[in-house]
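Letters go in sequence order (proteins before strands), and every chain restarts at 1. On a predicted model such as this, the values are computed, not experimentally measured, just so you know.
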Protein chains: 2
Amino acid sequence: MPALPEDAADRHVARWRGHWVLENQPYDDTVEAVVTRMGSIMRHLRDHKKSAAVSVGLESHEYETLHALMIRDTPGTASPTTLADELGLSPAGMSGRLESMERSGYVRRTTDPGDRRRLGVEATAEGIDLWRRTMAARGSEEERILGSLTAREQATLSRLLKRIALDIEAGPTVADGQRTRSTRPSSQTGPSDS
Amino acid sequence: MPALPEDAADRHVARWRGHWVLENQPYDDTVEAVVTRMGSIMRHLRDHKKSAAVSVGLESHEYETLHALMIRDTPGTASPTTLADELGLSPAGMSGRLESMERSGYVRRTTDPGDRRRLGVEATAEGIDLWRRTMAARGSEEERILGSLTAREQATLSRLLKRIALDIEAGPTVADGQRTRSTRPSSQTGPSDS
DNA sequence: GACGAATAGTTCGTCAGCGAAGTATCTTCA
DNA sequence: TGAAGATACTTCGCTGACGAACTATTCGTC
């Protein structure tokens with residue numbers, strides 16, 4: 001494996017090491033670099049997705065909404081509440097979003113005759129079209145950037161990330177506000193949690 | 001290597017596969033899983049950081065600002081413009097944030113006698129204290145979750161991510177709107193790119 | 001030295017999102 | 001049958017952020 005040139009994360013780590021202030025907490029270059037790199041990769045993908053949406057005339061939150069609507073088991077239709085949950089939005093936020101998207105004609109709210117509290121949200125033909133065009137404009141930037149790795153390397157990466165993800169999912173489900181201590185992970189490496 | 005149980009990303013991938021709509025674009029499970037996992041790891045870290053800040057009485061954006069102020073080469077002081085750049089904020093946003101943080105007493109704006117257009121931003125003693133306490137409350141969740149991996153595995157992960165990050169940094173710097181095709185990566189590997 | 005361009009911040013109008021409170025509808029159960 | 005309570009969504013007031021326009025200062029150049 002050839003030595004790789006410096007990346008932004010390396011520079012970040014070098015810069016930060018000197019400013020570490022928690023005496024009882026070690027500063028771990030590798031950990032810091034990993035987190036920084038994941039951050040910049042995700043930011044890149046987010047920016048890319050956003051510009052794809054904008055190039056088609058959609059705000060990125062509108063694209064997200066259409067997307068959530070389209071990739072579900074009953075494509076193109078859902079209740080505002082479900083949608084809000086999936087998008088991590090408050091009910092109020094969802095109302096606002098649907099309102100504006102309905103005005104733009106991307107979406108339609110329908111009433112449920114069986115239960116008049118309930119609404120249905122459907123993507124309109126135009127909404128679906130714009131969603132598809134955004135998908136196409138997006139191309140698969142994800143595949144492009146992961147293309148720097150071989151299939152084997154991708155698999156390794158995926159497995160390592162999965163171990164971390166599983167650890168998080170097993171965790172205390174972060175709960176609200178209060179930081180409950182995790183189901184101490186397999187430990188072996190005292191997370192030295194403060 | 002033992003078979004790992006299913007994680008949320010596995011479920012996401014399985015669910016999404018059926019809804020893939022770009023005929024000319026293959027659907028790559030591994031890529032999708034990698035991106036999903038990085039997303040949930042980063043989200044977890046973000047939530048954790050936020051709740052640490054809140055537990056100390058800081059809004060998460062206030063913590064970010066103090067953090068940017070503290071980890072720089074001249075700790076505790078910077079110009080609004082620099083700060084805005086580092087935080088990815090518009091000048092207007094920065095003004096607002098400083099305004100409210102100054103009202104809260106976390107930060108102080110000072111005038112530069114040499115150039116009266118310029119300001120300096122300094123963290124106050126209270127701001128520094130709250131920042132440190134947030135750092136402590138944060139503990140190192142990053143280290144805790146990466147603790148699921150051995151040092152060797154962490155190094156592997158870091159290297160793989162670095163390859164991707166370098167590819168992105170080398171890229172067309174995403175520019176605005178238009179999707180320019182990257183300096184085709186070293187290629188060699190249309191990997192499993194199915 | 002003085003006027004035009006550049007630079008540093010601020011103000012203004014707007015928008016998406018939040019939490020809390022409100023409205024309408026349905027469910028439960030005495 | 002008819003409250004009391006639960007559920008589904010909306011409205012309201014507020015906040016943080018944005019882009020565009022504005023103010024104040026300094027730099028460059030003739």
Side-chain angles (χ1 to χ4, degrees), chain A residues 43 46-47 49-51 53-54 57-69 74 77-104 106-122 176-177, chain B residues 43 46-47 49-51 53-54 57-69 72 74 77-104 106-122 127 176-177:
Chain A
R43 184 167 350 97
R46 193 162 46 250
D47 291 351
K49 189 159 60 178
K50 172 171 180 169
S51 74
V54 167
L58 238 34
E59 294 295 317
S60 115
H61 67 262
E62 296 171 326
Y63 167 69
E64 293 296 346
T65 308
L66 289 168
H67 196 64
L69 215 37
T74 56
T77 158
S79 80
T81 306
T82 320
L83 228 37
D85 288 347
E86 289 177 9
L87 293 166
L89 229 53
S90 70
M94 198 70 234
S95 273
R97 219 185 248 197
L98 290 176
E99 177 61 26
S100 90
M101 288 184 72
E102 190 162 38
R103 267 202 312 274
S104 304
Y106 304 147
V107 120
R108 195 178 13 248
R109 274 179 283 198
T110 62
T111 60
D112 178 333
D115 182 342
R116 280 153 52 199
R117 291 168 305 180
R118 287 183 152 79
L119 297 182
V121 181
E122 296 181 11
D176 41 315
Chain B
R43 184 166 350 95
R46 194 163 43 252
D47 290 350
K49 190 159 60 178
K50 173 171 181 168
S51 73
V54 166
L58 239 32
E59 294 296 317
S60 118
H61 66 261
E62 296 171 326
Y63 167 68
E64 293 296 345
T65 307
L66 289 167
H67 196 66
L69 215 36
R72 63 196 10 270
T74 56
T77 158
S79 81
T81 306
T82 320
L83 229 36
D85 288 348
E86 288 176 10
L87 293 166
L89 229 53
S90 70
M94 197 70 234
S95 274
R97 216 185 250 197
L98 290 176
E99 178 61 27
S100 90
M101 288 184 72
E102 191 162 39
R103 266 202 312 275
S104 304
Y106 303 148
V107 120
R108 196 181 9 249
R109 274 180 282 198
T110 61
T111 60
D112 177 334
D115 182 341
R116 280 152 53 197
R117 290 169 306 181
R118 287 183 153 80
L119 296 183
V121 180
E122 297 181 12
D176 40 316

Give every pair of a protein N or O atom and an N or O atom of nucleotides 26-29 of chain D that lie under 3.5 Å apart, one pair per line with the distance.
from: D:dT26; atom 1: OP1; to: B:R116; atom 2: N; distance (Å): 2.9

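In this structure B:R43 satisfies the side chain to side chain contact (heavy atoms under 4.5 Å, CB included) test together with B:S40, B:R46, B:D47, sequence neighbours excluded. A:S79 is linked by a side chain to side chain contact (heavy atoms under 4.5 Å, CB included) to A:T81, A:T82, counting only residues two or more places apart in sequence or in another chain. Every residue two or more places apart in sequence or in another chain that forms a side chain to side chain contact (heavy atoms under 4.5 Å, CB included) with B:T110 is listed here: B:E122. Under the side chain to side chain donor-acceptor pair (under 3.5 Å) criterion, A:D115 pairs with A:R117, A:R118, sequence neighbours left out.
Applying the salt bridge (charged side-chain N to carboxylate O under 4.0 Å, His left out) definition to pairs two or more places apart or across chains, those involving residues 58-69 of chain A are A:K49-A:E64. Screening residues 80-94 of chain B for salt bridge (charged side-chain N to carboxylate O under 4.0 Å, His left out) gives B:R72-B:E86 as the qualifying pairs, with residues at least two apart or on separate chains. Legend: salt bridge (charged side-chain N to carboxylate O under 4.0 Å, His left out) pairs involving residues 87-100 of chain A, not counting sequence neighbours, sorted by first then second residue: A:E99-A:R103, A:E99-A:R109.
Computed from coordinates, the B:E64 CD to D:dG16 C1' distance equals 14 Å when rounded to whole Å. Regarding B:K50, its NZ atom lies at a distance of 12 Å from the P atom of D:dG16, rounded to whole Å.
For DNA chain C, the span of nucleotides reached by chain B at under 4.0 Å from its heavy atoms goes, 5' to 3', from C:dA6 to C:dT11.
Residues from residues 89-97 of chain A lying near DNA chain D, meaning a heavy-atom separation below 4.0 Å, are A:P91, A:A92, A:S95 in numerical order.
B:G120 comes within 4.0 angstrom of nothing in the nucleic acid, heavy atoms only.
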